[in-house]
There are 2 protein chains.
Amino acid sequence: MSPASTGSQRRPLADSLAVHDQVYEAIRQALINGRIAPGVGVSLRSLAAELGVSPMPVRDAVRRLVAERALAINPANKRLSVPSLTAARLEQLSQARLWVEPELAARAAPHVDAALVKRLRDLDAAVDDALKLGDVDAYMTANHDVHFAIYERADAEVLLAMAGGLWLQIGPFMRVVFGRVGADGLVADRHVEAVEALKVHDAEGARRAIAADLSEGMDKMRAAVEAGR
Amino acid sequence: MSPASTGSQRRPLADSLAVHDQVYEAIRQALINGRIAPGVGVSLRSLAAELGVSPMPVRDAVRRLVAERALAINPANKRLSVPSLTAARLEQLSQARLWVEPELAARAAPHVDAALVKRLRDLDAAVDDALKLGDVDAYMTANHDVHFAIYERADAEVLLAMAGGLWLQIGPFMRVVFGRVGADGLVADRHVEAVEALKVHDAEGARRAIAADLSEGMDKMRAAVEAGR
DNA sequence: TTCTGAAAATTGTGATCACAGTTTGCGGTG
DNA sequence: CACCGCAAACTGTGATCACAATTTTCAGAA
């Protein structure tokens with residue numbers, strides 16, 4: 001293979017997403033969906049080969065994921081791995097979520113309009129459907145969308161980013177709930193209560209509903225993690 | 001760091017810190033110290049030239065800083081800049097700190113020993129010295145060290161990382177306090193109270209002392225930011 | 001069979017180049 | 001003097017290579 005013939009056609013890429021962003025999203029989803037199991041090692045080249053890109057954009061994406069603590073880097077040999085699920089990590093992540101997310105819901109309440117209420121009801125219906133069908137990926141996506149459709153209305157960029165980072169880190173934990181207790185373990189959530197509170201701009205009601213929703217979900221995660229020791 | 005000549009001699013690097021980590025630390029300090037003013041644009045090559053390294057490790061460091069929101073990236077033209085100091089950002093950052101940091105102090109309380117108490121007193125003395133001398137950089141460093149010497153004892157890696165990220169983002173705000181009200185504006189802190197509480201393993205006392213310390217500091221930052229509009 | 005040790009493969013890191021957008025600078029035109 | 005237009009410089013992105021440090025593999029000795 002001569003250096004000149006290493007074609008590898010380039011992309012216009014002006015409007016489209018950069019490759020490293022696509023790679024980031026791909027790895028992110030793989031982590032949340034549990035396609036890359038916690039504890040196992042990964043490498044830049046193996047990820048690159050799997051995604052059909054050069055190691056360069058993978059390197060960028062991985063740096064970002066490491067900074068967000070969705071990937072861990074062994075300080076001794078500098079090798080990459082997926083953080084493993086420990087009770088201590090879950091506990092801290094839970095506590096942090098339990099502070100930021102209700103806060104975001106409360107901040108969103110004043111800015112909620114009829115269109116958002118409708119969208120939230122549609123999204124929540126999608127959550128219920130996914131639950132009935134036992135479609136794990138669809139559930140994870142829909143559940144995420146419900147929460148962040150609310151949080152985005154809070155007009156609090158910094159807190160929103162914190163919440164995003166926490167979901168990314170807790171994604172693998174959510175997966176183990178399905179793995180161990182099945183979809184039946186998650187039939188109930190507090191989305192309806194949250195939407196009702198938001199509809200009438202009841203900030204404290206929204207805060208309480210989201211707090212209860214998280215609290216119950218996280219109890220199940222804790223039980224699943226402890227059962228799997 | 002040696003100038004990046006085309007000779008490109010390599011380092012041993014086994015035990016020593018990687019170049020991109022040194023670059024990260026250098027930019028980090030420059031941001032916190034306000035040597036790179038908020039709002040202005042930077043570029044990979046200009047930073048690389050300034051630090052005497054190739055653009056590659058700068059790219060890695062910048063990715064990390066962007067993920068930590070210490071640098072911002074313009075989505076339109078993808079150019080880098082230092083986030084500007086807005087009241088909304090300060091408010092959210094403050095609220096987040098006011099939750100995590102007292103929590104870390106409370107968690108640390110049970111694990112405090114005599115050696116740590118001594119170290120904290122030494123560090124706090126350094127804070128007072130820097131204040132008397134009006135040495136801004138020394139104050140920022142010493143103040144950071146006092147807080148994180150406590151937080152590291154909490155045995156809460158996730159929350160500790162959150163606190164670190166928040167300090168990085170709020171660093172430039174701290175600087176404006178000195179810029180506008182001078183070192184005299186910060187003569188009082190609640191470090192002594194915090195250390196006293198920690199010494200007797202009083203978690204709630206430590207929580208309150210740290211909360212008060214942050215609260216007062218952030219009031220000054222808010223005033224400085226508002227005055228500078 | 002089990003241990004040993006050297007070769008081979010794999011890893012993260014850094015340098016350098018190519019390329020396509022964007023911004024900047026500067027000349028000429030009205 | 002003000003405005004336009006184009007070229008040069010600069011920007012982030014991606015590819016490819018080189019290198020040192022691991023880790024893995026496997027043949028040979030006990």
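Letters go in sequence order (proteins before strands), and every chain restarts at 1. Predicted model, so just to flag it, every value in this text is computed and none were measured.
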Protein-nucleotide distance (B:Leu80, atom CG; D:dT13, atom C1'), rounded to Å: 12 Å
I'd like to know if A:Arg64 and A:Asp21 make a salt bridge, using a cut-off of under 4.0 Å between side-chain N and carboxylate O. yes
Phosphate oxygens OP1/OP2 of D:dA21: is one of them under 4.0 Å from a side-chain N or O of A:Asn77? no
Here the distance between atom C1' of C:dG12 and atom OH of B:Tyr24, to the nearest Å, is 19 Å
Tell me, which pairs form a ring-ring contact (aromatic ring centres under 6.0 Å, His included) where one or both residues lie in residues 38-79 of chain A, sequence neighbours left out? none
In whole Å, what is the span from the CG atom of B:Asp21 to the P atom of C:dT13? 8 Å
Report the end-to-end axis angle of the helix from C:dT1-D:dA30 to C:dG30-D:dC1; each axis comes from five terminal pairs, and the value is rounded to 10°. 0°
Could you state the CD1-C1' distance from B:Ile73 to C:dT22, rounded to the nearest angstrom? 14 Å
Can you list the residues that meet the ring-ring contact (aromatic ring centres under 6.0 Å, His included) rule with B:His20, with sequence neighbours excluded? none
Could you pull out the protein-nucleic contacts involving nucleotides 5-8 of chain D (nitrogen or oxygen on both sides, under 3.5 Å)?
none

Pairwise ring-ring contact (aromatic ring centres under 6.0 Å, His included) hits with a residue in residues 54-111 of chain B, at least two apart: A:Trp99-B:Trp99
Out of C:dG21, C:dT13, C:dT16, which has the shortest distance to the side chain of B:Arg79? C:dG21
Expected list for residues 59-67 of chain A near DNA chain C, using heavy atoms below 4.0 Å, is A:Arg59, A:Arg63
Only distances under 3.5 Å count here; give the side-chain donor-acceptor pairs of residues 157-164 of chain A to other protein atoms, sequence neighbours excluded, each with its distance to 0.1 Å.
residue	atom	partner	partner atom	Å
A:Glu157	OE2	B:Arg69	NH1	3.0

Please name all residues satisfying ring-ring contact (aromatic ring centres under 6.0 Å, His included) with B:Trp167, sequence neighbours left out, ordered by chain then number. B:His144, B:His147, B:Phe148
With sequence neighbours left out, which residue pairs that include part of residues 49-91 of chain A fulfil the ring-ring contact (aromatic ring centres under 6.0 Å, His included) condition? none
Evaluate side chain to side chain contact (heavy atoms under 4.5 Å, CB included) for B:Val62 paired with B:Ile73, printing each intermediate quantity in order. CA-CA 10 Å; B:Val62 161; B:Ile73 179 165; over 6 Å; no
For B:Glu50, enumerate each residue passing the salt bridge (Lys or Arg N to Asp or Glu O under 4.0 Å) test, keeping only those at least two apart in sequence or located in another chain. none
State whether A:Glu103 and A:Arg107 are salt-bridged, where the test is any N-O pair (Lys NZ or Arg NE/NH1/NH2 against Asp/Glu carboxylate O) under 4.0 Å. yes
In whole Å, what is the span from the CE atom of B:Met56 to the P atom of C:dG12? 13 Å
Do any pairs count as a ring-ring contact (aromatic ring centres under 6.0 Å, His included) and have a residue in residues 36-68 of chain B, sequence neighbours left out, and if so which ones? none
I'd like to know if A:Asp122 and A:Lys118 make a salt bridge, using a cut-off of under 4.0 Å between side-chain N and carboxylate O. yes
Between B:Arg63 and B:Asp60, is there a salt bridge with N-O shorter than 4.0 Å? no
Go through residues 37-47 of chain B and report each residue with a non-hydrogen atom lying under 4.0 Å from DNA chain D, sorted by number. B:Val42, B:Ser43, B:Leu44, B:Arg45
